[in-house]
Amino acid sequence: MATSSERSPPPFPDSEDQDVLDAEEVRGRDSDEDEDLFGSTSTSPVTEMDTTPTSDVSMKPPSDIMNDPLIEPMSSQTGNKPASEPSDDFFDLTNNVSVVAAAATKSDDFVDILGSETGAQRGEVVKADVTVEATIDRSEVTAGVIDPLSQQEAKQTSTAPVIDLSGDSQPVTSKIADPLVALFSDAPPAAEAKKPSSANVDLFDDEEGSDIFAEPLQTKPAKQPQKSLFGEPDEDVFGEPLGAISKKPVPKELKEKSVTTKVTAGGPLQDSKPADIFSQAAASTPSVTSTVNPKTNGVHSEEDGDIFAAEATVELSLDSPRNERKKEATAKPSAPAPTSLPAAASLAKPQPPALEELEEEEEEEEEDKFDIFVSVKDPEKIGDGMNAYMAYKVSTQTTLPMFRNKTFTVRRRFSDFLGLYEKLSEKHGPNGFIVPPPPEKSLLGMTKVKVGKEDSSSTDFVERRRGALERYLQRVVNHPSLLQDPDVREFLEREELPRAVSTQALSGAGFLKMINKATDAVSKMTIKMNESDVWFEEKLQEVESADQQFRKLHALVESLVVHRKELSLNTASFAKSAAMLGSAEDNTALSRALSQLAEVEDKMEQLHQEQAASDTFTFAEMIADYIRLLGAVRGSFDHRMKAWQRWQDAQSMLQKKRETEAKLLWANKPDKLQLAKEEIAEWEAKVTQYERDFERVSATVRKEVIRFEREKTKNCKRQVITYLECLLQSQQQLIKYWEAFLPEAKAIA
Amino acid sequence: MMEEVKETASVLSVHDDSIKVTEVLKEGDTLTFIIVSQKLSGTGEYHVDRTYEDFEWLQQHLFSQGDVPGIQGVIFPPLPAKPQVNASPRSIKQLGFLALGECQPYCKALETFLQQVAAHSILSKNKAVEVFLTSSDPPGRQKVKKNIFNRLSQAVEEMRKEGHKDVDEFFQNERDHNLILTGCTKTAAEKFLDVVATEQKIAVACGHFSTALHLCVEPGEDPDKQAFSRVCVKLSEVFESIKKNMTSVAENNVNTLGLGLDLESRYQEAEREMLFRRTCKLVELENAQRNVEKAKPVKKAAMEEVKKAAETEFEHTSGVAKQEIARFQGARVEMLQQALVGWCEKQLLTAKESADQFNQHLEVFRGMA
């Protein structure tokens, strides 16, 4: 933060003067700005950002505003490392703040450097307001936007936008405003809480920034501090930026009061920066969504919340792994501005498409959280005899900047998939991550493929496996932390992969055995472990029962599929015998009707077959996936147990060491006493470390399980919809067949 | 098979198409069928209860009307096989479609049998029919003797005489054709039965799945859990409708085309029996002719007499058979058409209803966002 404290003062004096200037500028630009905002954010932000910012900073602050908040999460996402824990949430948040603050200074810096006289900070503050305002009451642009801006009174700006939001009569905005109004009531205390802290004038310190954040967090979302990451992020997210908006005036006020102490006033401004960033984030998101909503009749007020929640989750959850992000954050401000700007622009790229997708995919909500889609295609048998293996084409489509290309394809064999899983589970399993498991190696199925000719069971097997591999990979890349793993990237991108070895252990029964072993270990350890956390106890039981239920469901679906296939076979043979009957029939009309019937039945056989496939691939496979995933969930519980065990072991070891110390003290052996003391210190450190490890793993497991359950529901729903669509379609097809046949039957007489 | 001249109907005191088998009562191992028919003389109904033995009694009486010329040429309406209360797999196989469901298909088949008998120009004249339909006393409780129409004895003879060359090209053709059709119809009916059986299995499997889904519902206030539970419950409802759909599809199959194919197959059998009886007569006649040729002058006259008798009987039989075949061909086409149209209409209705339901489910799921 040294950099930020050094760098932040310079822009400040400008900004004082800039206030008026800015206001005028904004007013003058007003109409342009609106169009700019709407145009650039919703339609073609990428190109604009890419091309113009360096040259034309003063004219393009909106796009900068758009960029900055978006860049932060994105950049931190690229430097992601799996090390997040709710217990550290506040640490994280403080860290975020510091980083964010750093980023803010950074953005200010380059604005400074380039635009020289654009009152970056104040400008941003004001413009953030403008974006909120302008987007929300488009129709009242002249009245709503200009008034509060021209008056420039801190209090008024703070209240005006909010009042406008809540008091707006437009149907669309009123929906959006609802949560805002609710949250607004929370905001003032936050602002008040902030006042004293900023009055402290302890301003250059990082802790100041963290204080600011810690306070609103504690005052508002303290109700569910644990859930704040996943549970009700919308409230928080709204709360924060709104709090931030209402906070903004405070530093301004302060500033006006203490114009003389410019340096100290720089502090509050510095404080306000994190707030800025968040307010910008909030302002920019609404600006997109609210422009979207009028078009789509703005029906889903809840969905707005969802979208924000999604955004927020992304931001927050990605922020939590700190190490690399810190480095980047600190590295960036020091980097020359011109280079960081294009980089920022390019980083921001994936976001606008994502936002555009949000417009279209009302149902699929967070689908585009990670803009990456993996498909596994063209299974191909390579080689002959028992040495043959299947190779698959793995195609990736992405707009994520971490990949060099937008689309790329590699060939991978089955054992490569297993190898990837091994690497991932080795690396991430102990941290409590649920690593999606690949389909098991099937000796029987594969032997059939190897030996057998093209019969239906082996093609069915290959198709099932292909689908399973595809879903497995998609799950891996959908996981925010796993996606960052270099092995995943290598797997998706690299032409040649070193041959995966020792995947044999995962073959068929071995894999199941492993899962069972894990279960046994868990259950054994549960007895030993006096569970301190009821949540985990309950969850473990839930997982166990869910596992059993899924197994039962799977058996049922499989039998259903068997019957469906039987029906298709029987229908086919009935069609054949109907055709025979038709040909044996003397009566021409009846004969024709019967052969028509045979045709209808043939078509129905096709339908039944499709239905069987649909049953298989939407339900049977999905359930099989979840049985595997539940195994992985239990694995993560297991890893938590292990962490606990290690902690306990260390504790008992420490106990022993202390006893030895006592004995030595008793025996009066000072020479050995020193050694014992050192050992105790060492073990004490270990105990604390293991305890922290355990807590970290617990937190990760908890987060992962919640994520897993949410994904499960969403996935199930999506599958059911697909299934129903398919069912409906086949029913409609059936209606068509019958309708075509009816006149034939009537024509017999 | 009832577009015969209505003058004969006066023999019976009931409307032939008003005969209904309304109910079946189970007493131990015996099934008793309640038969209701409307009086010709105006209002009022006959209610009689008959066991399967009574039906057999009726059929035997129909078979053994020695005084009617050409009775052997009649295609007797086929009586379905004896129903079993605790059916063994073999008897189920023999009954085919009629073993499905709760006796409704079987009652329907009996009803058709009675209607066919009552509508038949020759058979309805038999007193036994009137007695069977109207007398309150059960007629056939005493043991009936099996006569020559016993199926078992037929089977043996069949082997010898089935292939006998016919003198009449029409009958030869009819026999050949009947042979093919009998086989085809039987296979078609069996295959169709398989289809229905599988559909019923699917319905049951869907039911199980639906029930199992209900068990997935997790208690708790957690919104995530509740969302998942909602999905499960809805999906369970979806499978419940799939089950209903399958059940009604299977039912439609049984009640229309299934019964039609079954009746058709049994009628083909009946025709075959009739043709066989005629062939027997033919063989008899040819034997008599040979005997006349070979006979010593003393016995010639007697032989001539026998031959004459056989000839008249054969001619009567052939005459009636020709009529019967013509009638049968028309009737079976009509019957099959009705079955097909009814089938098609019912399936169409079911498909539309199901499509509606699925659509509703789909909407619900889409709205669950």
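Letters A, B, ... are given to chains in the order of the sequence lines, protein chains preceding strands, and every chain is numbered from 1.
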With respect to chain B, which residue among A:Lys552, A:Glu744, A:Gln549 yields the maximal number of heavy-atom pairs within a distance under 4.5 Å? A:Gln549

For A:Phe619 together with B:Phe239, are the ring centres under 6.0 Å from each other? yes

Does A:Lys712 make a cation-pi contact with B:Phe228 (under 6.0 Å, within 45 degrees of the axis)? yes

Expected contact set for residues 240-250 of chain B against chain A at heavy-atom separation under 4.5 Å reads B:Ile242, B:Asn245, B:Met246

Of the non-hydrogen atoms in [X] and [Y], which two are nearest, and what is the gap between them?
{"X": "B:Leu348", "Y": "A:Trp738", "answer": "CD1-CB, 3.3 Å"}
{"X": "A:Gln731", "Y": "B:Ala355", "answer": "CG-N, 3.7 Å"}
{"X": "A:Leu590", "Y": "B:Arg332", "answer": "CD2-NH2, 4.3 Å"}
{"X": "B:Ala351", "Y": "A:Ile735", "answer": "CB-CG1, 3.6 Å"}
{"X": "B:Leu362", "Y": "A:Ile721", "answer": "CD1-O, 3.6 Å"}

Mind checking which of [range] sit less than 4.5 Å from chain B, heavy atom to heavy atom?
{"range": "residues 561-568 of chain A", "answer": "A:His563, A:Arg564, A:Glu566, A:Leu567"}
{"range": "residues 574-585 of chain A", "answer": "A:Phe574, A:Ser577, A:Met580, A:Leu581, A:Ala584, A:Glu585"}
{"range": "residues 598-608 of chain A", "answer": "A:Glu601"}

Please report the interatomic distance CZ(B:Phe192) to OG(A:Ser573), rounded to the nearest 0.5 Å. 11.5 Å

Other residues, nucleotides and ligands only: do more than 12 of their heavy atoms fall within 6.0 Å of CD on A:Gln548? no

Is there a side-chain contact between A:Leu597 and B:Trp343 in this structure, where contact means two heavy atoms from C-beta onward sitting under 4.5 Å apart? yes

Taking the side chain as every heavy atom from C-beta outward, state whether A:Val720 and B:Lys234 have any atom pair closer than 4.5 Å. no

Is it the side chain or the backbone of A:Glu725 that comes within 4.5 Å of chain B heavy atoms, both, or neither? both

